[in-house]
Engineer: 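Quick one: the structure is below, questions incoming.
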Protein chains: 2
Amino acid sequence: MRRMTARPGNAHQARLLKLLRDGGPNSRAQLGDQVDLSRSKLAVEVDRLLETGLVVADGLAASRGGRRSHNIRLNPELRFLGVDIGATSVDVAVTNAELETLGHINHPMDVREGPVAVFEQVLAMAAKLRASGLAEGFDGAGIGVPGPVRFPEGIPVAPPIMPGWDGFPVREALSQELGCPVMVDNDVNLMAMGEQHAGVARTVADFLCVKIGTGIGCGIVVGGEVYRGTTGSAGDIGHIQAVPDGRPCACGNRGCLEAHFSGAALARDALEAAQQGLSAELASRLETNGDLTAVDVAAAAAAGDATALELIREGGNRTGQVIAGLVSFFNPGLVVIGGGVTGLGHTLLAAIRTQVYRQSLPLATGNLPIVLGELGPAAGVIGAARLISDHLFSPA
Amino acid sequence: MRRMTARPGNAHQARLLKLLRDGGPNSRAQLGDQVDLSRSKLAVEVDRLLETGLVVADGLAASRGGRRSHNIRLNPELRFLGVDIGATSVDVAVTNAELETLGHINHPMDVREGPVAVFEQVLAMAAKLRASGLAEGFDGAGIGVPGPVRFPEGIPVAPPIMPGWDGFPVREALSQELGCPVMVDNDVNLMAMGEQHAGVARTVADFLCVKIGTGIGCGIVVGGEVYRGTTGSAGDIGHIQAVPDGRPCACGNRGCLEAHFSGAALARDALEAAQQGLSAELASRLETNGDLTAVDVAAAAAAGDATALELIREGGNRTGQVIAGLVSFFNPGLVVIGGGVTGLGHTLLAAIRTQVYRQSLPLATGNLPIVLGELGPAAGVIGAARLISDHLFSPA
DNA sequence: CTACTTTTTCCACTCACAGGACAAAGACGG
DNA sequence: CCGTCTTTGTCCTGTGAGTGGAAAAAGTAG
């Protein structure tokens, strides 16, 4: 098919598109219940949307007691590409316009290989998804990168863990290659959008989404909108001091949260423990794999290894301490914990909760859920699809 | 005069009122340059505003080369009352509709005496201002209280330093007494609004406003709007842990920022130092006054007293450390330092700056001014007037 | 006094939208 | 099977907001 290029012509159409995206097929009458428009006006706007091809008829709706109505839905042939570039792997997914994941693949890849190599990989993965019949082309793509982004231009700025990406015109380059509109954002922000769209944060206006992976970041949502800060580096909590005069960090300071707890720090601590003979479990895993990662620590903890549990608990305490500060400051309605270390599960969560509930004031914590993300590795790509759909479903 | 009760009838009128508030008298043509409306539409809306009495004619404008235009301005008889209830004193000011302070008085008062006693004082001060001819009555009042507020209802919730205020219907009670609309907010938020309206933050959309007085709080402005959090306690940074296992705090924890640096903590430390004979300067002041406050420390520091300087420097370091974390998290475009301890001046500022610039990443600090508030004790009352004017100049 | 600007008013025209009337299509009871 | 009721979809007209051009009003500059 020819790719869609139409955009909503006004705010009403944008509203309707978003309702159809979030609510699935709907009759005109049901839409009318949700927007404050006269039936005539609604009919006009729906007709225009049908003309653009963004929306198509979709059979009869269930009867509500009288004349049955015809459903309409977003064009089922629309396809969005969601790309989540992590520090050590790339996730790519295809969704329809309702942001349902149709296919999702993951490939290990070091982001430090630079934008050219990474994009080659991303394009190959996109081609693979296309070849498997899930899409003939893409109507838009959202890209998440593990570092701060100058959002309007879609360009990474001074990303600490992505040497070689600074100033690279990601948005422009990928838009060219994919032949469709592209939006770029920090991967943590996308995770927050993902959990907001389809995960635990569906009903919350103000929340924090802490992602603990190779590094540590935090998505900030204010009034339902992602807050990115003055230079796009908001939520960069990995380098908040967690331990006075603590471990040296790559950033040049000491005691950064990231230096004490993150995928990388955890692997290092586990290796140390294994080598010092503190944990038979970890040592045997080291023997087998030749290396240790956060996954090994999670497995060891699941097997009841005391050292692994202690590592997780201590890391959780550190993280919880920082989050407690953020909770006092930001007073969110929800805190979501996600990222690669979600596998550490409830040991981690319990440690974080303990710190936050102990250190922050009751008014801020009284009704504050602290939960694990619901979507796991899909949060990023769903958030990416959501990002581009928000863009495309806004008036031009 | 009869008090104004009119409100703008639509968003255009609201926009015009705010332009006149912030820009002073303006001709229709000048207003036309700032709003995106046709001349005819503009004329209609201005006429309606003139009819309501909110706006009046104000002579001829300066020539711009052609026909001279007639200025219009907000009714100069409109009066707002700004009230800033601090922990240890009350500020009350009268402004006109352009938020220019016409009179400002301050009275020491302990907020712990409870809402009834405090309001008696506030009403007496308002009466005094009225009696001095500055106002015949008030068209609206903004109230700042030193604790979290459930904003829509204007009711303090669980305020730690204001026993007896929890759940007291401040908005309703004062509205009754003053006979005009009232809005209530946290005093720190009002300080932020004040600096935004008439101080250092005029051009910044996202900034933090740290107020160090008896306690420590932080106003958060996102996209030009004050962010209050889910339960109204956002910005409550006084109980963020600044020193692991540090001093015990009234909140039950240890090492809270407020326990280590605030007006109260500074007075306590100064007293200790004086009694231990570490500072002749402080000891002599203790002799004279029978007590020591932050003001004495400021004076001693200004006189070059090493102990006082050290106290300030250490407090600034602690505060700077916490602010550094907030800067990493929030990535503001500006940090304003204000409150009672502003008298500590550049010694304090230098200590804070050092910590922030050292601990936060360059991307966040690169272009980040950290400055003292410009308005001093007037910030709160101006912010209060701004709060109620924002409310009254919005469509009903 | 003349030519040119700027401001203000006036007016006709467009357009979005509401809301009623009516037709279409089904549910349901008899 | 038929008539009545309910819901849905379409048509149409009235209304009010708003635009933009023309012209009048009131200046400035030379």
Side-chain angles (χ1 to χ4, degrees), chain A residues 6-20 23-74 393-396, chain B residues 6-20 23-52 54-74 394-396:
Chain A
R7 294 277 290 275
N10 60 42
H12 297 309
Q13 293 178 23
R15 181 82 203 285
L16 293 173
L17 289 175
K18 285 176 188 174
L19 284 173
L20 290 173
N26 256 293
S27 70
R28 287 168 168 79
Q30 281 174 307
L31 288 173
D33 295 343
Q34 300 173 69
V35 298
D36 195 28
L37 285 177
S38 65
R39 280 172 314 185
S40 22
K41 176 64 177 161
L42 179 69
V44 170
E45 298 298 355
V46 168
D47 282 347
R48 288 190 191 150
L49 285 174
L50 286 167
E51 267 172 43
T52 65
L54 284 169
V55 158
V56 298
D58 185 47
L60 289 171
S63 168
R64 290 206 286 185
R67 169 176 171 176
R68 295 181 63 187
S69 60
H70 293 260
N71 266 346
I72 55 172
R73 62 178 299 182
L74 289 171
F393 292 169
S394 297
Chain B
R7 293 277 289 276
N10 59 41
H12 297 309
Q13 293 178 24
R15 181 83 204 286
L16 293 173
L17 288 174
K18 285 177 187 173
L19 283 173
L20 289 172
N26 256 293
S27 70
R28 286 169 170 79
Q30 282 174 307
L31 288 174
D33 295 343
Q34 300 174 71
V35 299
D36 194 31
L37 285 177
S38 65
R39 293 176 312 252
S40 12
K41 177 63 178 162
L42 180 68
V44 170
E45 297 298 355
V46 168
D47 282 347
R48 287 190 192 152
L49 286 174
L50 286 167
E51 267 173 42
T52 66
L54 284 170
V55 157
V56 299
D58 185 48
L60 290 172
S63 169
R64 289 206 286 183
R67 168 175 173 176
R68 294 182 63 186
S69 59
H70 292 261
N71 267 346
I72 56 171
R73 63 176 299 182
L74 290 170
S394 298

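Note on naming: letters A, B, ... go to the chains in the order of the sequence lines (proteins, then strands), and numbering restarts at 1 for each one. All values derive from a computational prediction rather than experimental measurement. The figures here come from the full heavy-atom set of this structure, side chains too, leaving out hydrogens, waters and symmetry mates.
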Engineer: Grab the CG-P distance between Leu42(B) and dA17(D) for me, whole Å please.
Structural biologist: 16 Å
Engineer: What's the shortest heavy-atom distance between Leu54(B) and Pro8(B), and which atoms?
Structural biologist: CD1-N, 4.5 Å
Engineer: Identify the residue among Val55(A), Leu20(A), Leu74(A) that makes a side-chain contact (heavy atoms from CB on, under 4.5 Å) with Leu49(A).
Structural biologist: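 Exactly one pass, corresponding to Val55(A).
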Engineer: Separation of Asn71(A) atom CG from dG9(D) atom C1', in whole Å?
Structural biologist: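 Taking CG of Asn71(A) and C1' of dG9(D), I get 14 Å after rounding.
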Engineer: Could you tell me the separation between the CG atom of Asn10(B) and the P atom of dG16(D), rounded to a whole number of Å?
Structural biologist: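 Result: 15 Å.
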Engineer: Whole Å only: how far is the NZ atom of Lys41(A) from the P atom of dC11(D)?
Structural biologist: 16 Å
Engineer: I'd like to know if Glu45(A) and Arg48(A) make a salt bridge, using a cut-off of under 4.0 Å between side-chain N and carboxylate O.
Structural biologist: yes
Engineer: With the side chain of Arg28(A) defined as its heavy atoms from C-beta on, choose the nearest nucleotide among dG26(C), dC17(C), dG9(D).
Structural biologist: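 Nearest to the side-chain atoms of Arg28(A), counting from C-beta on, is dG9(D).
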Engineer: Would you classify Ser69(B) as touching base, sugar-phosphate or nothing, given that sugar-phosphate means primed atoms plus P, OP1 and OP2, and contacts are heavy atoms under 4.0 Å?
Structural biologist: sugar-phosphate
Engineer: Taking only residues two or more places apart in sequence or in another chain, which ones pass salt bridge (charged side-chain N to carboxylate O under 4.0 Å, His left out) with Asp33(A)?
Structural biologist: Arg64(A)
Engineer: What about Ser40(A), does its side chain sit under 3.5 Å from the base of dG9(D) through a donor-acceptor pair?
Structural biologist: no
Engineer: State which of dG26(C), dT9(C), dA18(C) makes the closest approach to the side chain of Arg68(A).
Structural biologist: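 That would be dG26(C).
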Engineer: Among dC17(C), dT19(D), dT8(C), find the nucleotide with the atom closest to the side chain of Ala29(B).
Structural biologist: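 Output: dT8(C).
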Engineer: Nearest to the side chain of Arg39(A), heavy atoms from C-beta on, is which of dT10(D), dT19(D), dT9(C)?
Structural biologist: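 Nucleotide nearest to Arg39(A)'s side chain: dT10(D).
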Engineer: May I ask you to verify if any side-chain N or O of His12(A) is less than 4.0 angstrom from the OP1 or OP2 atom of dA16(C)?
Structural biologist: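 His12(A) to dA16(C) OP1/OP2: no side-chain N or O under 4.0 Å.
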Engineer: Run the salt-bridge test on Arg28(B) and Asp47(B) with the 4.0 Å N-O cut-off and return the result as yes or no.
Structural biologist: yes
Engineer: Nearest whole angstrom, please: distance from the C1' of dC17(C) to the CG of Asp36(A).
Structural biologist: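 Asp36(A) atom CG is separated from dC17(C) atom C1' by 12 Å.
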Engineer: Given atom CD1 of Ile72(A) and atom C1' of dG9(D), what is their separation to the nearest angstrom?
Structural biologist: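 The distance from CD1 of Ile72(A) to C1' of dG9(D) comes to 13 Å, rounded to the nearest Å.
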Engineer: Rounded to the Å, how far apart are Gln30(B) CD and dT8(C) P?
Structural biologist: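 Those two atoms, CD and P, are 10 Å apart.
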Engineer: From CG of Asn26(A) over to P of dT7(D), roughly how many Å is that when rounded to an integer?
Structural biologist: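 That distance rounds to 18 Å.
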